[in-house]
Amino acid sequence: MYQTAFFASFASLVLGQQIGTYTAEKHPSMPMQVCTAPGSCTTENTEVVLDANWRWTHIIDGYTNCYSGTAWNATACPDGATCASNCAIDGADYSSTYGITTPSSGALKLQFVTKNDNGQNVGSRVYLMAGEDKYRMFNLLNKEFTFDVDVSKLPCGLNGAVYFSEMLEDGGLRQHEGNKAGAKYGTGYCDSQCPQDIKFIDGEANVEGWGGEGGDSGTGKYGICCAEMDIWEANMDATAYTPHVCKVGEPTRCEGVDCGAGDGERYESLCDKDGCDFNSFRLGDQEFYGPEKTVDTTKPFTIVTQFATDDGTDTGNLKSIHRFYVQDGQVIPNSETVVEGVDPTNFIDEKFCEQQKTAFGDNNYYGKLGGMAAMGKSLEKMVLVLSIWDDHAVSMNWLDSTFPADADPSKPGVARGRCDPEAGLPATVEAAHPDAYVVYSNIKFGAINSTFAAN
Ligand SMILES: *[C@@H]1O[C@H](CO)[C@@H](O)[C@H](O)[C@H]1NC(C)=O
Ligand SMILES: *[C@@H]1O[C@H](CO)[C@@H](O)[C@H](O)[C@H]1NC(C)=O
């Protein structure tokens, strides 16, 4: 993603890193398939867990919140470590509080706005688990990852995202003494934006310097950085897939310039926030993706992403990232680029990234931090993330509209989609489309060309 994913939970609720016991934590089941050849797949009983940031956090022996509005309770949370020992994260009521449901086996529906007893919940983020206590780890090299999506109720300004982050299998439980909740409660998130809106990092509350602006829920002094492979960031009108690399090979807490959030610091961050994106519209094919387009977003379809290595083995170097769509039984190859200075291509490799950055006048920080080879190292140990979010920083314009806002849309790389730049303002989209949702289903993973009929 381009900007920090905003999580909006209800103002009165928050998290901690002990375990609360008022609501039992029961993960929704989301089985996936592991394939060796088309039709040769076995089912794995995977499940999903809600990220810790959305959960109610209260003092360990009572109902008192450890955080409310955009402020920490100074009594319970005088500093990060004390706060983590005083506060507990509780179980989640997935359906009624967060609008997270499983309409059929292997399908997950994420509702944008969910009215509940506490007010409302906006957006959500869940992780795939291999059991109650561990994230399902993926080595994507020389493999393909496939799923179905329904974006027909996901308008401009929203982002239904399916991506991989280089998180720890146990959420940091073993590494960080202050974290007693682990993967079972969705702790340990990180991504390439080095998000600073994470309330607990490395087993400590992000209390220091915490402040919120506008409708935002706040940010603290620390961020948490790791590599990220965006398989799918999309709504009905726009889509992109994007590798993002980091200087660090595991989740790393940042502060100051390392987080890359200050003026002029974006390209000094531990991670490459822009990534090397493949957005069909931005790359010159405006008829490829959208309602009634080649990939018709009024109906469900399948997305296939392949990670090819230089020697065709699981231990080779990442060379290229390929994309296919399947809709109504037809395999649809990815769109071809039509950009002056970019050799026509329909996949991501080092050359494409270099040419695209030059053609659009963008900083190739992706290449500077190691490009495809660095991404490949991270792809060996990734956690799957599924989310729905709106964008308090730049209204999702980087995905589906004109960005930067003040740039000439006829300049190469500026127009990313048909959406009105105002459509993605959180207040606008939350009021106009509270009923928006995305459905992800039929996750398949396996050898190249094993999860779909590739012809
Ligand atoms: C803060 O927490 C303390 C207990 O640690 C509690 O007595 C107090 O009421 C809380 N304040 C708020 C505003 O919730
Ligand atoms: C996958 O299928 C495509 C299309 O049939 C083919 O071009 C490609 O070589 C196949 N890749 C592998 C690794 O089998």
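Indexing begins at 1, ligand by ligand and atom by atom, following the structure's order. If you're wondering where the values come from, they're calculated on a predicted model, not measured in any experiment.
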Quiz item: Numbering the atoms of ligand 2 from 1, which are under 4.0 Å from a heavy atom of Asn449?
Solution: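 Those atoms are 1 (C), 2 (O), 3 (C), 8 (C), 10 (C), 11 (N), 12 (C), 14 (O).
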Quiz item: Just by distance, with hydrogens left out, do His322 and Ser320 show a side-chain donor and acceptor under 3.5 Å apart?
Solution: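 There is such a pair (donor and acceptor under 3.5 Å, judged by atom type) between the side chains of His322 and Ser320.
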Quiz item: Within the structure, does Gln306 bring an N/O atom to less than 3.5 angstrom of an N/O atom in ligand 2?
Solution: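 In fact, backbone or side chain, Gln306 has no N or O that close.
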Quiz item: Cys225 and Cys190: disulfide bond (SG atoms under 2.5 Å apart), yes or no, with the steps?
Solution: CA-CA 5 Å; Cys225 309; Cys190 55; over 6 Å; no
Practice problem: Identify, with sequence neighbours excluded, every residue that meets side-chain contact (heavy atoms from CB on, under 4.5 Å) alongside Pro291. | Solution: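 With sequence neighbours excluded, Pro291 shows a side-chain contact (heavy atoms from CB on, under 4.5 Å) to Met236, Asp237, Thr297, Thr298, given in chain and number order.
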Quiz item: Listed by chain and number, what are the side-chain contact (heavy atoms from CB on, under 4.5 Å) partners of Ala107, not counting sequence neighbours?
Solution: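 side-chain contact (heavy atoms from CB on, under 4.5 Å) list for Ala107, sorted by chain: Pro103, Ser104, Val439, Ser441.
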Quiz item: Under 6.0 Å from the six-membered ring centre of Tyr127 and within 45° of its axis: does the NZ or CZ of Arg125 meet both?
Solution: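 Cation-pi check for Arg125 and Tyr127: fails.
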Quiz item: Which pairs, with at least one residue in residues 293-339 and sequence neighbours excluded, count as a disulfide bond (SG atoms under 2.5 Å apart)?
Solution: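 Passing the test, one end in residues 293-339: no pairs.
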Between ligand 1 and the protein, find all N/O pairs closer than 3.5 Å and give the distance for each.
{"unit_1": "ligand 1", "atom_1": "2 (O)", "unit_2": "Asn73", "atom_2": "OD1", "d": "3.3"}
{"unit_1": "ligand 1", "atom_1": "2 (O)", "unit_2": "Asn73", "atom_2": "ND2", "d": "2.3"}
{"unit_1": "ligand 1", "atom_1": "11 (N)", "unit_2": "Asn73", "atom_2": "ND2", "d": "2.9"}

Quiz item: Quick one: does Tyr222's side chain have a donor or acceptor within less than 3.5 Å of a partner on Cys259's backbone?
Solution: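 Not a single qualifying donor-acceptor pair exists.
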